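The first residue in the sequence is number 1, and the count goes up from there. Bear in mind the structure is a predicted one, so any value in this text is a computation, not a measurement.
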Amino acid sequence: MPSLRAHVFDWIIRWQVKPKLARAAGDVAAVRRIFDQASFPDPPGIVFREGSVGGIPGEWAERPGLAPGAPRLLYLHGGGFVACSPRTHRPVTGGFAMRGLRVFCPDYRLAPEHPFPAALDDAAAAWSAFAAAGPAGLAGDSAGGNLSLALMLRARRDGLPLPRAAVLFSPSTDMAGEGESMRTNAGRDAMFDPAKLQALVDAYLAGHDPADPLASPLRGDLAGLPPLLFHVGAREVLRDDSVRFAEKAKAAGVSATVTVWPVVPHVWQLAQTFLPEARRSVSEAAAFLKRHATAPEAVP
């Protein structure tokens, strides 16, 4: 049963964030201001420090005293490909760090100044160096979930190590927006009007073919991917991006689990200081990643 706080949080996002995003459609600077203003407190007891992996700047999140052999996680933040940063996503990266993972979040380049495939190029450069240092997991939310899935397809293509497991929070997997939830949840989604999402897609793709699997990973060959865990809200317009991807992955022989959470809005995991569903989601995701941290390495 969803908590009372889930209903309150859904109401806050619906009435304070969704109208602003609708008015800001096509105005990247406005979208960035909205997302930056919606930041949540940093998790206590976590050290955040600037760093660079594979030549890509970013931020490490670590719990003091963590054992040297702790599981490692590359986290790709969301923000519609045009906004956000490691700083805005500290509640999630710090949440994973609190649960015993050593986390690096790349500060990848954003559209429209740097359209497709700039963000994916940065993610691939960071992952190549990160994976070279030893086994690791991969996670991302929203646009970062898209990049995480596309990164695995690219890593398999290029012969790079795959993550031991991957967690996807409300990822965008189909740039054509053909999931049924784009229509059935158009009035239920607390954050997004599907008609307004096209502006973010256009800013990122800049005319590139949306059917390219590196832009729409749902359209790729999913065989050989590592175990996947999807968490998505039942009311999200992106719900079926997760459901359809998990179904296709399982048909390709991949271990894929999708949990559809009631009431909660898009990427509710950011609200860990307030929302019990956020803490449960990150706890389940961390346990999943740690469980697979010593699993045999996937073969590209």
Donor-acceptor pair, side chain of [X] and main chain of [Y], under 3.5 angstrom:
X	Y	answer
Ser181	Asp240	yes
Asp141	Val267	no
Asp122	Arg109	yes
Thr184	Glu180	yes

[Y]/[X] salt bridge by N-O under 4.0 Å criterion:
X	Y	answer
Asp221	Arg157	no
Glu178	Arg219	yes
Asp36	Arg87	no

Give the minimum heavy-atom separation between [X] and [Y], together with the two atoms involved.
X	Y	answer
Pro262	Pro2	CG-CD, 4.1 Å
Arg164	Pro226	O-CB, 3.7 Å
Pro86	Asp107	CD-OD1, 3.5 Å
Asn146	Pro217	ND2-CD, 3.6 Å

Joint hydrophobic cluster, [X] plus [Y], side-chain heavy atoms closer than 4.5 Å:
X	Y	result
Met175	Met182	no
Phe130	Leu151	yes
Val264	Phe192	yes
Leu218	Leu120	yes
Leu238	Phe245	no

Flag this pair as yes if the NZ/CZ of Arg5 is under 6.0 angstrom from the six-membered ring centre of Phe274 and inside a 45 degree cone about the axis; otherwise no.
yes
Does Arg90 make a cation-pi contact with Phe48 (under 6.0 Å, within 45 degrees of the axis)?
yes
Proximity of Tyr108 and His77 rings by center, below 6.0 Å
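Yes; His77 has its ring centre under 6.0 Å from that of Tyr108.
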Just so I know, are the side chains of [X] and [Y] near enough to count as touching, which here means a heavy-atom distance under 4.5 Å?
X	Y	answer
Arg102	Leu73	no
Ser3	Glu277	yes
Asp193	Val237	no
Val28	Pro112	yes
Asp212	Phe116	yes
Met191	Pro265	no
Tyr75	Val92	yes
His231	Glu284	yes

Should we count NZ of Lys196 as having more than 12 external heavy atoms under 6.0 Å?
no
With a sphere of 6.0 Å drawn around CD of Glu113, does it hold more than 12 non-hydrogen atoms of other residues, nucleotides or ligands?
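Yes.
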Hey, could you give me the CD/CE distance between Glu62 and Met98, rounded to the nearest 0.5 Å?
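Interatomic distance, Glu62 CD to Met98 CE, rounded to 0.5 Å: 15.0 Å.
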ring-ring contact (aromatic ring centres under 6.0 Å, His included), paired with Phe104, selected from Trp127, Phe96, Trp60:
Trp60
Do Arg99 and Ser283 have a side chain donor and acceptor closer than 3.5 Å?
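Their side chains do contain a donor-acceptor pair, which is all the 3.5 Å distance test asks for.
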